[in-house]
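I have placed the structure first, in the form of structure tokens, so that the comments after it can refer back to it.
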Amino acid sequence: MEFEKISFKKYNKIKTSLLISVEGLKTEVYRDNQGIATIGIGINIGQKSLKGIWIKLILYYLFGLIKDLKDIPYARFDSDNALKKIIKDTKSYKYKEYQTLIQSISNNIFKTLETDIRTSTLNKIIKDAIENYCKETEQRQKSNPKASLEELQRLSDEDLKINKDNSSKYLEFKLSEEQAEELFEIISINYELDTLHYFKKKNILFFHKNKNKKEDKKEYYQEFIPFVSATYQGGNFIMQNKLLEKAFNVYKSRFFIWAIIRYFIGKDARRMILQSCIFNFNGKLKKEEESDEEKLDTCIDIFKVLNLIHPTEKQTYFSYFKTMEQHMLKQIKAVKTEYDNKNVDISGYKVYNYVNPNELQALVSILKPYVKYFNDEKFIGKAKFETESDFKKYKEKESDKEYRFKTENIYVMDNSNYNEVLRALREYKNAQETKENILVFIIEKINMEIKIERPSNTYLYIMSVKGNCFDCSYINNPFKENTKQNDKAELFLYEKLSDGKTKTTSLATKELEMKEKETNDQELIANYNGISYCFDILNQLKIERDSELLFTLSNYRHYLENRENSHILKTDLKPDKAYSTLGIELKIPRTQDTFCNNGNFTININDIDLQKIQNYTNNVITEGTPIYIYVQENQQNYVCKLEDKALSRNIYLNRTLEKDEQGNLKLINTKNIFIGFKVFSSIAMANNTFSQKLQICVEDLNKGDKTVKFNTPYCYLIEDKVYEEWREEKEKSVVSLEFDGRALTIITYENDNIARISFQAVSGRPQEDENGKYYFTYEKERQMLKDEGPIPEGEYYITPLSENENDGLQELNVMNKIAGIAKFGKFPGTWYAWGNIRIPIQPKTKTLTNSQGQTIVRDNFFIHGGDRVGSAGCIDLWKNNDTFFKVFLQYVEKYKDEILKKEGKVSLVVKYENNTKVECDSDFFTKSCKIIN
């Protein structure tokens, strides 16, 4: 991050122009908007905390006693003792006489300003003081007529600035414009030093050369001026801002500093706008255009901070800036009007010579050219998934042009913000029907394995410089197999060429058949477009070009296979089955594990009794169940498979250790680690009864490992809120079903148009109340009741195109009718209980755990109808059955190809609203049902 060095003359010119523009220039005393007596360019002479020091300075100045600006030392002079530093002669008797006189005048003026700021009143105070001084001089002369004024150590009329030829014989307490500017330049030295003091407290040293005693070593920066202006208005604006130190020293983002000035440093909107414009985040003025290289640098500067999470506001900086800007929009427009109507020769408007008018608009408009730059296909080409039917671009309202990435969906990552980008992605929510497109641009080699979590319902572009290692565990939806259909991310290589131009290359492939490496049959390799993809003996997928390592991918496959009520972590690739991650499609000739145990610190867990765990949890937790290690300092989850007896998992920690003068290791705050069968997204979530807690001390860090006994609380991944969005992430099926306890709804989705057709339906058996009325209700407790309660909430599917009679459509034929009448066969109760057609709901078994911890198994659900409303847990369409299947099967035929692409499955979601209640007139020959709630 660089700032623009300018000459002292230009520095003072811009500084004075800005302060005149925001403070104004008044030659006589006035009250500012806080009621404080002020004069010149915002000089607060009535501020009680200053105790009249600036009144004394003005009087010394009017008496001609202040040094020339070039001779004033760069030191504070805002006290009586320090004021001597800027006075020409403090050794002669005259100084003492002036000091006594000015002290008397300033005391009276300071007291008078509380009630009266009229120039005539203040002038009378000066006149009376000087006349009294002259009378005393006359008396001394009478007592000693031969003594000179020097011998009497008294000031002359000339010293006292008495002009007998002028009607206003004595000094007046007012300033010319030139005097006001010169006084401001003098006084502002104090505010510059205050600003540097505040910066030093925050360890911001970018402008400290301003204090250098040697003039030729001093450096002046335009970017320092807005902070001086802010301090001039109130010192606490800088001290109280907690973001500045991070902006300067961590992110080193010029844009972020600009935004802090624009939205936080100050209390007057117009002033804050002008201060930020003087800072000027891209350093350009109206007629200056950024080169492509400069624009890229600005893009990086903006997006490495813009979409991070504000530490206290629980929203991104971009969202927060827009919120703060709402009350500033009128002022922004007013300042733009001033700029457009400016006359740069008029004092007070010179500041517009140093302002970029592009900043005089709303933030969204300011950012547009940089968003467009990242959207250009010359910068990053098309991804494979852009041909998918649910891939969408967004339209810009003004131009109707289409773009892939919205402002809020672009992230730039480096080592300074690595953990914060990951946090922003973890907390990213897309509640829209269509998928959002996210760009993560990694501009340097990250010091650890990159664990990006693709937010659900998004497509993800990852563009990176070479040399990085990616943990792919959460790139794909972990509840879906790593197939091409479920691969929603693509990896691009970013390179800066010798001629200064940039190049991006997609590393996505067609389906590649991997083979054993000729030089090492333990490794598998495939080549595509001059790039090799090779699984090494550490299970890492290495991507190379001309023997140069581009990237390393660990955990290429990370799939949580659903087994009843449990999940098993699957990381191995099976022969002759196609997998895809980050657009890289692979088929292998033999089983290949992809689990990688990377890290710089080892957690060893001993005394694991797998049989005991399986027995206690009814095999919900078993061998291969994922176990998570959450590291507080980087907020990362590291996953491994549960094993019998013992397991080890490497993680990344900051292991930097400092030694004291004796060579002993300095103590550090302990690092907290949490182990659990749930994924933790925050310290608040991890530090609870679901985790086993470890503390890593300095001895552990020095050694490089920590060994503990297994004491991890049992809990079930299926209950995990962190994974809830993944489980609910659904591809936009062209046809799907929803049941809410009141109706079964057919949903069709095509060309962004959603259509819904609902058919009244219920589930479970009705309950009779004391009045003889029958009700269907859907409380959690009733969902647990076998052969009575409604179908439990969750995700299911049906397979209407299946030719397997146990899974597909089942029609009531003559033989089934005969058997059914006798309550035998597949349709016991015939059409009366089932209707003429039905279909099984899958999975056919649902395992639940009730409030007492007991395991409940519900099974054999169907969609069907019949004359009698209610069922043992099926979705009962009652008399609507034939109509439903007629309509539904028309859609199945229409979208047959799309359904077959999804393994013939049509999704069914069962979700009940609270207190859903349906009343029916009978539980036998039902004639009517009505929704109560």
Margin query: One pair to check against side-chain hydrogen bond (donor to acceptor under 3.5 Å, both in side chains): Tyr133 and Glu97. What are the steps and the verdict?
Written below: CA-CA 10 Å; Tyr133 183 88; Glu97 291 298 294; 2.7 Å; yes
Notebook entry, point to check: Out of Leu57, Ile66, Ile87, which residue meets the side-chain contact (heavy atoms from CB on, under 4.5 Å) rule with Phe77?
Noted result: Leu57
Note to self: Going by side-chain hydrogen bond (donor to acceptor under 3.5 Å, both in side chains), name the residues that satisfy it together with Ser143, two or more places apart in sequence or in a different chain.
What the structure shows: none
Which donor-acceptor pairs under 3.5 Å do side chains of residues 250-262 form with protein atoms, sequence neighbours excluded?
{"unit_1": "Tyr251", "atom_1": "OH", "unit_2": "Glu420", "atom_2": "OE1", "d": "2.7"}
{"unit_1": "Tyr251", "atom_1": "OH", "unit_2": "Glu420", "atom_2": "OE2", "d": "2.5"}
{"unit_1": "Lys252", "atom_1": "NZ", "unit_2": "Asn249", "atom_2": "O", "d": "2.9"}
{"unit_1": "Ser253", "atom_1": "OG", "unit_2": "Phe256", "atom_2": "N", "d": "3.1"}
{"unit_1": "Ser253", "atom_1": "OG", "unit_2": "Asp301", "atom_2": "O", "d": "2.9"}
{"unit_1": "Ser253", "atom_1": "OG", "unit_2": "Asp301", "atom_2": "OD1", "d": "3.4"}
{"unit_1": "Arg254", "atom_1": "NE", "unit_2": "Asn280", "atom_2": "O", "d": "3.0"}
{"unit_1": "Arg254", "atom_1": "NE", "unit_2": "Phe281", "atom_2": "O", "d": "3.1"}
{"unit_1": "Arg254", "atom_1": "NH1", "unit_2": "Glu2", "atom_2": "O", "d": "3.1"}
{"unit_1": "Arg254", "atom_1": "NH1", "unit_2": "Glu223", "atom_2": "OE2", "d": "3.1"}
{"unit_1": "Arg254", "atom_1": "NH2", "unit_2": "Glu223", "atom_2": "OE2", "d": "2.8"}
{"unit_1": "Arg254", "atom_1": "NH2", "unit_2": "Phe279", "atom_2": "O", "d": "2.9"}
{"unit_1": "Arg254", "atom_1": "NH2", "unit_2": "Asn280", "atom_2": "O", "d": "2.9"}
{"unit_1": "Trp258", "atom_1": "NE1", "unit_2": "Ser276", "atom_2": "O", "d": "3.3"}
{"unit_1": "Trp258", "atom_1": "NE1", "unit_2": "Glu359", "atom_2": "OE1", "d": "2.8"}
{"unit_1": "Arg262", "atom_1": "NH1", "unit_2": "Glu359", "atom_2": "O", "d": "2.9"}
{"unit_1": "Arg262", "atom_1": "NH2", "unit_2": "Glu325", "atom_2": "OE2", "d": "3.0"}
{"unit_1": "Arg262", "atom_1": "NH2", "unit_2": "Gln361", "atom_2": "O", "d": "2.8"}

Check: Once you round to the nearest 0.5 Å, how far does CD1 of Ile225 lie from CD1 of Ile14?
Finding: 4.5 Å
Next item on the list: Please step through side-chain hydrogen bond (donor to acceptor under 3.5 Å, both in side chains) for the pair Glu338 and Tyr352, ending with a clear verdict.
Entry: CA-CA 9 Å; Glu338 285 180 17; Tyr352 289 110; 2.5 Å; yes
Check: How far apart are the C-alpha atoms of Asn132 and Glu136, what are their side-chain angles, what is the distance that settles it, and do they pass the side-chain hydrogen bond (donor to acceptor under 3.5 Å, both in side chains) test?
Finding: CA-CA 6 Å; Asn132 289 335; Glu136 187 177 336; over 6 Å; no
Margin query: Distance check, rounded to the nearest 0.5 Å: Asn44 atom CG versus Leu113 atom CG?
Written below: 11.0 Å
Next item on the list: Check the surroundings of atom CD in Glu150: do more than 12 heavy atoms from other residues, nucleotides or ligands lie under 6.0 Å from it?
Entry: no
Checklist line | Where at least one partner belongs to residues 177-196, residue pairs that pass ring pair (Phe, Tyr, Trp, His ring centres under 6.0 Å), sequence neighbours excluded | finding: Phe184-Tyr232, Tyr191-Tyr232
Check: Can you list the steps and then say if Tyr98 with Tyr60 is a ring pair (Phe, Tyr, Trp, His ring centres under 6.0 Å)?
Finding: CA-CA 8 Å; Tyr98 277 124; Tyr60 277 117; 7.4 Å; no
Item checked: Residues that Tyr317 engages under side-chain hydrogen bond (donor to acceptor under 3.5 Å, both in side chains), provided they are two or more places apart -> none
Margin query: Tell me whether Arg140 contacts the main-chain N or O of Pro145 through its side chain, where contact means a donor paired with an acceptor under 3.5 Å.
Written below: no
Next item on the list: Under the side-chain hydrogen bond (donor to acceptor under 3.5 Å, both in side chains) rule, collect the residues that match up with Ser7, sequence neighbours excluded.
Entry: none
Check: Looking at Phe3, Tyr198, Tyr220, which one forms a ring-ring contact (aromatic ring centres under 6.0 Å, His included) with Phe207?
Finding: Phe3
Check: Between CG of Asn107 and CD1 of Ile102, what distance do you get to the nearest 0.5 Å?
Finding: 11.5 Å
Notebook entry, point to check: Is there a donor-acceptor pair closer than 3.5 Å between any side-chain N or O of Asn123 and the backbone N or O of Ser120?
Noted result: no
Notebook entry, point to check: Among all residues two or more places apart in sequence or in another chain, which pass the side chain to side chain contact (heavy atoms under 4.5 Å, CB included) test with Glu290?
Noted result: Asn282, Lys284, Glu294, Lys295, Thr298, Tyr370
Item checked: Side-chain H-bond candidate by donor/acceptor type, Thr316 with Asn307, under 3.5 Å -> no
Notebook entry, point to check: salt bridge (Lys or Arg N to Asp or Glu O under 4.0 Å): which pairs involve residues 42-61, sequence neighbours left out?
Noted result: Lys56-Asp80
Margin query: Please determine whether the number of non-hydrogen atoms from other residues, nucleotides or ligands lying under 6.0 Å from atom NZ of Lys124 exceeds 12.
Written below: no
Notebook entry, point to check: Looking at Phe199 versus Phe227, is the centre-to-centre ring distance below 6.0 Å?
Noted result: yes
Check: What do the steps show when you test Ser229 against Gln275 for side-chain hydrogen bond (donor to acceptor under 3.5 Å, both in side chains), and what is the final call?
Finding: CA-CA 7 Å; Ser229 171; Gln275 286 173 177; 2.6 Å; yes
Item checked: Electrostatic pair Glu138-Lys142, nearest N-O below 4.0 angstrom -> no
Next item on the list: To the nearest 0.5 Å, tell me how far Thr195 OG1 sits from Phe237 CZ.
Entry: 12.5 Å
Notebook entry, point to check: Tell me the salt bridge (Lys or Arg N to Asp or Glu O under 4.0 Å) pairs involving residues 98-121, sequence neighbours left out?
Noted result: Asp116-Arg118
Note to self: Between Asp414 and Ser416, do the side chains contain a donor N or O and an acceptor N or O under 3.5 Å apart?
What the structure shows: yes
Note to self: Less than 3.5 Å apart, any donor N or O on the side chain of Ser49 or Gln47 sitting next to an acceptor on the other?
What the structure shows: yes
Margin query: Taking side chain to side chain contact (heavy atoms under 4.5 Å, CB included) as the definition, give me every residue that meets it alongside Gln34, ordered by chain and number, with sequence neighbours left out.
Written below: Asp32, Ile36, Lys267
Check: Quick one: side chain to side chain contact (heavy atoms under 4.5 Å, CB included) partners of Gln326, sequence neighbours excluded?
Finding: Leu329
Notebook entry, point to check: Has the side chain of Lys85 got a donor or acceptor atom that lies under 3.5 Å from a matching backbone atom of Ile72?
Noted result: no
Check: Do any N or O atoms from the side chain of Asn241 and from the backbone of Leu243 form a donor-acceptor pair under 3.5 angstrom?
Finding: yes
Checklist line | Atom pair CD1 (Ile105) and CG (Asp128), whose distance is rounded to the nearest 0.5 Å | finding: 10.0 Å
Notebook entry, point to check: Ignoring hydrogens and geometry, is there a side-chain-to-backbone donor-acceptor pair from Glu313 to Tyr320 under 3.5 Å?
Noted result: no
Item checked: Any side-chain donor near an acceptor of the partner, Asp268 and Gln233, under 3.5 Å -> no
Next item on the list: Report yes if the side chains of Asn358 and Ile366 come closer than 4.5 Å at any heavy-atom pair, otherwise no.
Entry: no
Notebook entry, point to check: salt bridge (Lys or Arg N to Asp or Glu O under 4.0 Å): which pairs involve residues 4-23, sequence neighbours left out?
Noted result: Lys5-Glu219, Lys15-Glu192, Glu23-Arg271
Check: Is a side-chain donor-acceptor pair under 3.5 Å present for Ser92 with Asp89?
Finding: yes
Next item on the list: Verify the neighbour count for atom NZ of Lys209: are there more than 12 heavy atoms of other residues, nucleotides or ligands below 6.0 Å?
Entry: no
Checklist line | Contacts of Thr337 that satisfy side-chain hydrogen bond (donor to acceptor under 3.5 Å, both in side chains) - sequence neighbours left out | finding: none
Notebook entry, point to check: What residue among Ile278, Val228, Val355 forms side-chain contact (heavy atoms from CB on, under 4.5 Å) with Leu18?
Noted result: Ile278
Note to self: Can a donor-acceptor pair be found, under 3.5 Å and without considering hydrogens, that links the side chain of Glu185 to the backbone of Leu69?
What the structure shows: no
